[in-house]
Amino acid sequence: MAHRTIPGTATACSLLSAATVLTALTAGPVAAHGDGDHHHEPAPRGVQVPEVSAEEVAAEYDPAEAAAIGREHAEAHARTRAAAENTSDYPQTTRTNSLRWLTEDQRKKNAAFAPKEFGRFTEFFPSPDYGVHIAQLPTGKVLLFSFEPVEDNPNRETAPTQIIGARNAGRAFLWDPRRGTGPDAFTAAHPPVIDMPDGRGEERRAPFFCAGHSFLPNSMLGVFGGNLGGNGGSGAKLSLLYDPWKEEWLRQDDMAVGRWYPTVVTAADGRQYIFSGQSERGWGTPTEVVERFPAQGRPVPMSTGARMLGDPVERLTVEAPFRHDYPHTFALRDGLIHALGRDSDQQWAFDPVRQTRRTLPNLPDDPQGRKQQERWYGSAVPLPNGKLGPDSVLYMGGDANDPTTYLLKDDTWTKTGARAFGRTQDNTLILPDGSLFTVNGAPDIRDYGNGPYNPNADQKYRSTELREPGGGWRLGPVQRLPRGYHSNAVVMPDGRVMITGDELQQIANDPDITDDMHGTVEIYEPAYLHRGERPHLGRAPKKMLRYQQHFTVGSRTAGEVERAVILSPSTATHSVNTSQRHLELEIVRRGQGTLELKAPPSPEDAIPGFYMLFLLNEDGVPSTAQWVRFGPPRAG
């Protein structure tokens, strides 16, 4: 969420569908705008920023904001907020024209990218949710969740960050790709109705937006924190589980502290560790308390039939004094949780068993050359490490002025190449073949290149970037919408990438703002899906596989398989994705229509839980995945 919210009024939604309008916009050529330059072609002008008086700017000026980012920057923010207040509406014609322009611009630019080498963007369709949070579930469905909007003008804050009471509510939906891309492919999966401790006594669906999340070994999604409302964003103590098998939310005991923008990671013991987040006191009060779920002595759920209600969250003795929220945290194969803060001097390794913390070297960047001392919402990835679990992290983004990527390995940071340009709000994914794919991005929070709350974006941030294993970066095709703050992406079991998120861009390009389809989804097909037939992967074990165990899978193309890999399903928000993991599996023996594979060495290598198993041929083309799971967790 933004640190400051402009009040707005909720808008009624009808039951109309946007699918027809989107079809019209995506079919056939549309007149192009601009000079055709790939990186700097301007988008069409949107709503003009109205003039504002000095008195109006003074009324919006926030001394606390000035203390954090400087008087000049704070005055610019105040001017933008005052201008947004003077904008009575955001016309449907502007939204429609913008989407039409982006559609044709994408078609024109991507004609230069051969799918066999760069992949291609395919479907683009409406969604009932903004997708501020996203999780690829082992049922094949994707969970999207966010908030009930309080505004449909992209020049204003859409989220109920500052709202106290019933209008501060969450929502969630499931997308089933097997049912296509129409409205019927989505079903509501809203959080439970509760009475938040805000003194209002007004029940509403749990406001769990801007929480943190990761998977338990049985693939329940643990969601911790949320928004209590007011004071720039106050942390909620919410602790919820989403059961993908029964498709229901289960409320657990509250955490010890409120958390807004926390990070959650699952370790080798199968438990979830919760770091940072703004406390219940409001923005600027990140908590140092570290908690875990379930508490020691409580069983870690392994069965898909497990039902957990009212389980406690446990406070640890070790603290994590992050100055800023949403640190990148990864459970590496050394058994430690490597927690990489947004500030260069806040890099730590936590031992979840001994409950200790040690300091890692500072990130070797130069804070003096950045817009702010801390990095805002760049991505980080635990790099593939062959048949072993990850022992290094690639940290990138978080500042529009710094395209450098940084590698943490053996407690040492090194600069390791650069992307085409610096960006924040990006999502970087590990693909089944071990390559990396970066999508989404913007110059800053709520700033697409022309100041906060102006949806006219710098078009270069629509360019994707690709990195071969161990190689350099290269620009790829452009996505339809620019997507910055709250953008998300996940790898699906068929090897495609689902992209969504960024409520301001979605409503600024909504073909029908009056309907119930508030967001959009775009699909990217990586290059490997354009290099010939897929290998076949048939049956795979449904039971839990023990580490180092040999197991057999069916394949009509066993003789063509070069590699067997597992890729963990990911769950992401705010450029934080702690669940990613990619391992090679040893091919022990080839049979007639079968392959004998060997499970990973230990829980430290492959965190207990579900994985997508892919078979790849010599051209790197993956099969459609089968789900396998490994366990049990390391005893705590």
Side-chain angles (χ1 to χ4, degrees), residues 8-28 30 44 46-47 87-104 106 122-134 141-160 163 166-167 169-177 179-191 204-205 209 455 479-483 486-488 498-523:
T9 55
T11 57
C13 293
S14 69
L15 296 177
L16 299 176
S17 169
T20 303
V21 181
L22 274 171
T23 300
L25 287 169
T26 54
V30 183
V47 172
T87 303
S88 59
D89 197 10
Y90 197 89
Q92 180 61 59
T93 53
T94 299
R95 306 175 206 265
T96 304
N97 289 336
S98 180
L99 180 58
R100 180 181 293 116
W101 183 87
L102 289 165
T103 300
E104 172 58 17
Q106 182 190 41
T122 56
E123 293 95 337
F124 179 85
F125 53 94
S127 160
D129 194 70
Y130 296 137
V132 173
H133 303 262
I134 188 172
K141 299 180 182 181
V142 181
L143 178 69
L144 304 94
F145 59 102
S146 60
F147 49 79
E148 289 291 350
V150 296
E151 177 61 64
D152 62 12
N153 185 333
N155 293 141
R156 300 173 184 162
E157 177 58 67
T158 302
I163 304 296
R167 290 174 62 215
R171 67 180 184 193
F173 293 87
L174 285 170
W175 174 47
D176 187 349
R179 299 182 65 180
T181 58
D184 291 343
F186 294 88
T187 56
H190 298 313
R204 87 298 302 269
R205 293 197 294 257
F209 59 95
Q479 60 196 101
R480 180 73 53 85
L481 298 189
R483 296 183 194 262
H486 294 164
S487 61
N488 279 308
M498 174 194 178
I499 301 152
T500 189
D502 190 333
E503 63 275 9
L504 292 191
Q505 285 297 328
Q506 289 174 107
I507 65 175
N509 294 281
D510 192 334
D512 185 354
I513 198 62
T514 67
D515 69 12
D516 276 341
M517 304 301 278
H518 301 280
T520 56
V521 171
E522 188 164 10
I523 302 296

Asks: Output yes when a side-chain donor or acceptor of D89 lies under 3.5 Å from a complementary backbone atom of P91, and no otherwise.
Replies: no
Asks: Would the distance check show the side chain of H518 and the main-chain N or O of P128 forming a donor-acceptor pair, the cut-off being under 3.5 Å?
Replies: no
Asks: Report the C-alpha separation of T514 and D512 in whole Å, then their side-chain angles, then the decisive distance to 0.1 Å, and conclude whether the side chain to side chain donor-acceptor pair (under 3.5 Å) test is met.
Replies: CA-CA 5 Å; T514 67; D512 185 354; 2.5 Å; yes
Asks: Residues in side-chain hydrogen bond (donor to acceptor under 3.5 Å, both in side chains) with T500, at least two apart?
Replies: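 Expected list: none.
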Asks: Please check: side-chain N/O of R95 versus main-chain N/O of Y90, any donor-acceptor pairing under 3.5 Å?
Replies: yes
Asks: Counting distance only, does the side-chain N/O of S98 pair as donor-acceptor with the main-chain N or O of T94 below 3.5 Å?
Replies: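 Looks like no, no N/O pair under 3.5 Å.
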Asks: Could you pull out the closest heavy-atom pair between S146 and F209, with the gap in Å?
Replies: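 Taking every non-hydrogen atom into account, O-CB, 3.7 Å.
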Asks: In chain order, what residues pass the side-chain hydrogen bond (donor to acceptor under 3.5 Å, both in side chains) check against N488, with sequence neighbours excluded?
Replies: none
Asks: Is it true that a side-chain atom of E123 and a backbone atom of T181 form a donor plus acceptor pair closer than 3.5 Å?
Replies: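 Judged by distance alone, no pair lies under 3.5 Å.
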Asks: Does any donor atom in the side chain of D502 or S487 lie under 3.5 Å from an acceptor atom in the other side chain?
Replies: no
Asks: Can you sort out the partners of Q506 under side-chain hydrogen bond (donor to acceptor under 3.5 Å, both in side chains), two or more places apart, ordered by chain and number?
Replies: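 For Q506, no residue satisfies side-chain hydrogen bond (donor to acceptor under 3.5 Å, both in side chains) once neighbours in sequence are set aside.
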Asks: Applying side-chain hydrogen bond (donor to acceptor under 3.5 Å, both in side chains), name anything that partners Q92, two or more places apart in sequence or on another chain.
Replies: T96
Asks: Applying salt bridge (charged side-chain N to carboxylate O under 4.0 Å, His left out), can you list everything that pairs with R205, at least two apart in sequence or on another chain?
Replies: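 Only E148 meet the salt bridge (charged side-chain N to carboxylate O under 4.0 Å, His left out) criterion with R205.
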Asks: Once you measure the plane-to-plane angle for F125 and F186, does it fall in the parallel (<30°), tilted (30-60°) or perpendicular (>60°) bin?
Replies: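 Tilted, since the angle between the ring planes falls between 30° and 60°.
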